[in-house]
Amino acid sequence: MAEMLVRIVDKINPDPKLDLLCRKRGDVVCIMPDGHGWSEAEITNPEWTIVKFPGVSRDKLDHFIHVDRNQDGKLIRRCANSFDIDTHEQRAQARTLAAPLQPGEEAIGVSLASEWGESDIQTMTIVKPALEQKS
Amino acid sequence: MTDKTIGTGGDYSTLQAWEDAKPADIVGSGSIWRGLQKNQNFDVTGSVTPILVIAGSTTDATHYTELTTETGASFRDNASVQSNALKYNASNGASISQDGGSANVIEIEENFFRMSKLQVKGTPTGGSNYPTCFDGLSGTYGGVIIDGCIFETHNTNYVGRLQCASASVLKNCVLAQLGESAGAIFGCSFSTNLATYNNSFVAADDLTTPPANLFNNDFASGYTSKNDAWYGGGTTTLRTSSNGTWTTGFSDCSTVPTGVTGSGSFSGAFQNVNASTQDWRAKTGGNLIDNGTTDSTNAPVDIAGTSRPSGSAYDIGAWELVQAGGSVRIPALLFMEGYTG
């Protein structure tokens, strides 16, 4: 029962040391329970998307928010494991829609068990950010 | 100032989203990226990752990341702040907590980060190597200021650690160690120019195995302590290394640095010193009262917002006891038009 806020645009710092600590496309910002009340800024920010995994426990996805440390335990990279947003989005598109997703549309994903080895991860939903201002 | 509220109904619903949304170049943005946490608890259970990592942005002394509370949301804004037990209590104000797992709550890896008026608790169960409530391990940052917070841990690891590379400050905070066999309450090994002012570093008096030391300052350079209270129950030696400059500190330890008065009464200093009933407000007539050094730069008010001094001089530790004729800070919520009290 989890939903992930995922960065889809690289955050860039010209300082290479600081840049390693900035999230990139596919890096997960946070994982929240099913039905989490995302704010309007979180839903509409074009640099983020929300991926939903109904019925999947949070601990199955926890590795996506692991940081990367060196042997001394010091933080060296913001995210140790990225979510392959490109591959999964393509799968979702191929499964359900002939046309590319439009802002605000959802895609129903396919089983991801073969990729992750998790037999109980069956579906996901990618919520595209609503880029238009709400009236 | 770029203020963003964090919590239900706020600009961001999670701390992590607020942090990720900050500009990579805060200096170039010309502002301060300030997060105002609402009066709610952010809790994560069973993770091996910090709840919040502050890192990645270019900052300076006037353009930085700051995490504090919305007006009225802090424990110090609580109408009963003078009578509430001084301890972590999510019912009293905005809080962040981590249960289970093996990670710290907040990891600080960014220059000039500031945090204030929050409550943080860590209760890890795993074999964590990291201090529980806050940790700055990298030794690459400086200019950090942590002010007026309550930290509590139930673990063998430190409550907090700051291994800063340049001047940073911890002030007017309570760091409460409730875990058995802890290495220390607070650590700053390998730090440069860390200063601590008017904090209460405490380990519950009824621990079966109190901390080996209260403070790990191995290889620290330029450490300064003023008006800090260091109490550890059965702990006999305050610090691990003989460095630093200490001024008007008080402790129940028998082995203390010059500038700290040791062998003080623990139960005589605070309202209640046991883990289950802890209350780290200074006690009337105790050795923390009116024994501090004036420090209008770092401690003009205490953790509850009470102006110092209330008595004849500053009190030691985070709490300034309100004495007859002294001022009491009225929480902002009571300043309502027509309020007659």
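Protein chains get the first letters and strands the later ones, always in sequence-line order, with residue 1 at the start of each.
Interface remark: B:Pro50 contributes side-chain atoms only to the contact with chain A (heavy atom separation under 4.5 Å). Contact of A:Leu5 with chain B is made through the side chain alone, with heavy-atom distances under 4.5 Å. For a residue to count as touching a neighbouring chain, one of its non-hydrogen atoms must lie under 4.5 Å from one of that chain's; by this rule A:Ile12 touches chain B with the backbone only. When heavy atoms are compared at a cutoff of 4.5 Å, B:Glu110 does not approach chain A at all. Heavy atoms closer than 4.5 Å to chain A are found in the backbone of B:Asp11, but not in its side chain.
Partner of B:Phe151 under the ring-ring contact (aromatic ring centres under 6.0 Å, His included) criterion, out of B:Tyr158, B:Phe134, B:Phe186: B:Phe134 alone.
Salt bridge A:Arg77/A:Asp68: present, at least one basic N to carboxylate O contact under 4.0 Å. Ion pairing between B:Glu109 and A:Arg78 fails under the 4.0 Å rule for side-chain N and carboxylate O. Classification of A:Lys24 and A:Asp10 as a salt-bridged pair fails, no side-chain N sitting under 4.0 Å from a carboxylate O.
Heavy atoms only, all atoms of each residue included: B:Tyr88 and B:Ser97 are closest at OH-CB, 3.6 Å.
A donor-acceptor contact under 3.5 angstrom links the side chains of B:Asp218 and B:Ser241, judged on distance only.
Ranking A:Val29, A:Leu20, A:Asp19 against chain B, the residue ahead of the rest is A:Val29, based on heavy-atom pairs under 4.5 Å. Ranking B:Gly10, B:Gly9, B:Ala21 against chain A, the residue ahead of the rest is B:Ala21, based on heavy-atom pairs under 4.5 Å.
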